[in-house]
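Just so we're on the same page: letters track the sequence lines, and every chain starts at 1.
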Protein chains: 2
Amino acid sequence: MNRSVRCPVAATLQLVGDRWTLLIVRDLLRGRRRFNELRESVEGIPPAVLASRLRALESAAIVQRRLYQDRPRRFEYRLTPRGHALGVVVGALADWGQRYAEADLTLVDGECGHGISVVYHCPTCAREAPRRRVRIVGREQARLPGRERQPTLPE
Amino acid sequence: MNRSVRCPVAATLQLVGDRWTLLIVRDLLRGRRRFNELRESVEGIPPAVLASRLRALESAAIVQRRLYQDRPRRFEYRLTPRGHALGVVVGALADWGQRYAEADLTLVDGECGHGISVVYHCPTCAREAPRRRVRIVGREQARLPGRERQPTLPE
DNA sequence: AGGGGTCAGTTCAAGTCATGAAGTTACCCC
DNA sequence: GGGGTAACTTCATGACTTGAACTGACCCCT
C-alpha cells in the first residue's frame, strides 16, 4: 500500500487527491476548526467521510487533532506547518477557478487588497519563472544550468 | 448536477478533483499525447477510467481530442489554453511533494536550471504576497485596499 | 489470403467506496 | 428527568472503480 511514488505530483495526490480533502484544508487554512464547524463549511460532506479524511490527514501529519476542553471532551483540528504549506495548492486551485469557472469569491492580498495570482518563482534568480520554462526533472539534473537538456520537451 | 459553485476551489475540484485527472494533465503539459501513451505514463490507470476522464476533460474544454491520422484513425489529446493554465496547480502539487513527500523528481526552470517554487504574487504591486496575507473574499470586496476587513480571519 | 501486430478504446463481473439517515456516548443545563 | 450539543459510528443502499478480457478498424508480411 505504501509503495513510494517517484513523481512529486503523484505523491501529493496520493495524500490529498480526492474530492473532499482539499476542501477541508481550505477551511483549516482560516484557522482551527471543530468537527461540526467543518461539517457545515465543507458543503455537503457526510460525517463518516469527514471523520475518515481527518484521520488520514492526521496520519499524514497534515492536520493535528487537539483536545481543547475536558468535561465534556471537545476536539479541534488545525494544520501543521506541512499542512499550511498546502495553502499554495489551494490558492492555485482558487486562482484557476476564479478565471475559468464562474465563482463569486476571489483571492486577495489582505494588506493591499489587490487580486492576486499564483505563479512560479525562482528563488535563486529572485524572479518569476514563465510557465513554459518549467520542467520536472530528476534531482541530480537540477542546479545544472544550460539549455541542453532533453527530459521533458514542451509541445 | 451542474449547480454553480460559489467557491473557486470547490468549482475547480469539481472538474479536476479526483485521483487521476491531474495526473493526466501533468502528462499533457509536456505535449500532445495519444491514448496509449497516456495509458503508460499515468501509472496504473485502467483504460476505462482514462477514457471517461478524457471525455470529461474534453467537455470541460480542458483538453481537445484531435484526429491526426485517417486510415487507421488515430487520435491525440492536447491541452487547451484553459488546460495549460492548470500547469500551476500541478506545479504547486509538485512543489509540495518535493518538499514533504519523498520524490525523485523536482521542478526546475529550464533556462537557468535552478529549482523553483510556487508562490502568491500581486500583479498590481509587482511583488510576492506572503502566504499569511492571502484571503478569499467576495468579488466586490477585492480592489478596496485597507486592513479593516473581517471575512476570513486567520488563526 | 491468412497470420500477427497496433491502436483506441468497450464490456463486464467483482470489489471498493461514498452516501444519507439514524443512532450512540458523554456531558451540560434547567 | 428532559432536552440539548458535540463528536462521532453504524448501517443498508447505491454509485463508482478496478482489472481482465474483448472488439473492430486498419496495417504489414509472406
Side-chain angles (χ1 to χ4, degrees), chain A residues 1-3 5 10 13-28 30-60 62-79, chain B residues 1-3 5 10 13-28 30-60 62-79:
Chain A
M1 177 175 269
N2 211 15
R3 95 189 146 80
V5 176
L13 287 174
Q14 208 160 54
L15 297 176
V16 302
D18 78 290
R19 186 173 158 196
W20 299 109
T21 300
L22 286 173
L23 293 176
I24 298 170
V25 171
R26 173 197 68 186
D27 291 337
L28 289 176
R30 300 177 174 180
R32 62 192 76 148
R33 289 287 183 273
R34 282 172 288 143
F35 190 89
N36 279 354
E37 289 177 320
L38 289 171
R39 196 162 131 55
E40 279 162 29
S41 66
V42 180
E43 60 272 1
I45 191 171
V49 175
L50 179 54
S52 95
R53 287 302 170 280
L54 285 171
R55 234 163 292 129
L57 287 171
E58 221 189 323
S59 73
I62 289 169
V63 316
Q64 197 194 349
R65 183 188 194 245
R66 266 195 45 211
L67 183 73
Y68 74 97
Q69 176 186 291
D70 249 347
R71 174 155 315 104
R73 309 196 110 209
R74 293 291 143 83
F75 300 94
E76 67 181 15
Y77 297 89
R78 53 163 67 194
L79 294 176
Chain B
M1 177 176 267
N2 212 15
R3 93 189 148 81
V5 176
L13 286 175
Q14 208 160 53
L15 297 177
V16 302
D18 76 291
R19 185 171 158 198
W20 298 107
T21 300
L22 287 174
L23 294 176
I24 297 170
V25 171
R26 172 198 67 184
D27 291 337
L28 289 176
R30 300 179 173 178
R32 62 192 77 148
R33 289 284 184 274
R34 281 172 288 145
F35 190 89
N36 279 353
E37 289 177 321
L38 289 171
R39 196 162 131 56
E40 279 161 29
S41 65
V42 180
E43 58 272 2
I45 191 172
V49 175
L50 178 55
S52 96
R53 288 302 169 280
L54 284 172
R55 234 162 292 127
L57 287 171
E58 222 189 322
S59 74
I62 289 168
V63 315
Q64 196 195 350
R65 182 187 194 246
R66 267 196 46 211
L67 183 72
Y68 73 96
Q69 174 187 292
D70 248 346
R71 171 157 316 106
R73 307 197 112 208
R74 292 292 142 80
F75 300 94
E76 67 181 15
Y77 297 89
R78 53 163 68 194
L79 294 176

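For the pair A:L50 CG and D:dA6 C1', the computed distance is 13 Å after rounding to whole Å. At whole-Å resolution of the value, CD in B:E43 and P in D:dT18 are 13 Å apart. Between the OH atom of A:Y68 and the C1' atom of D:dA7 there is a distance of 10 Å, given to the nearest Å. Distance CG (A:L54) to P (D:dA6): 16 Å, rounded to an integer number of Å. Protein atom CZ of B:R34 is 11 Å distant from nucleotide atom C1' of C:dA8, rounded to whole Å. Going from atom CD of A:E37 over to atom P of D:dA7 covers 8 Å, rounded to whole Å. Computed from coordinates, the A:R66 CZ to D:dA7 P distance equals 13 Å when rounded to whole Å.
For A:R65, the salt bridge (charged side-chain N to carboxylate O under 4.0 Å, His left out) test picks out no residue, with sequence neighbours left out. In this view, B:R73 satisfies the side chain to side chain donor-acceptor pair (under 3.5 Å) rule with no residue, not counting sequence neighbours. Contacts of B:E40 classified as side-chain contact (heavy atoms from CB on, under 4.5 Å), with partners at least two apart in sequence or in another chain: none. By the salt bridge (charged side-chain N to carboxylate O under 4.0 Å, His left out) test, B:E37 pairs with B:R34, sequence neighbours left out.
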Original post:
What does nucleotides 9-21 of chain C look like as a protein-contact string, B for base, S for sugar-phosphate only, - for none, at under 4.0 angstrom between heavy atoms?
Top reply: BBB------SSB-
**OP:** Using a 4.0 Å cut-off on protein heavy atoms (strictly under), produce a 5'-to-3' string for nucleotides 22-30 of chain D with B for base contact, S for backbone-only sugar-phosphate contact, and - for none.
**Re:** ----SS---
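Rounded to 10°, the helix from C:dA1-D:dT30 to C:dC30-D:dG1 has 0° between the axis fitted to its first five pairs and the one fitted to its last five.
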For residues 45-57 of chain B, dump all side-chain donor-acceptor pairs below 3.5 Å to protein atoms at least two apart in sequence or in another chain.
from  : atom 1 : to    : atom 2 : distance (Å)
B:S52 : OG     : B:V49 : O      : 3.4
B:R53 : NE     : B:D18 : OD2    : 2.9

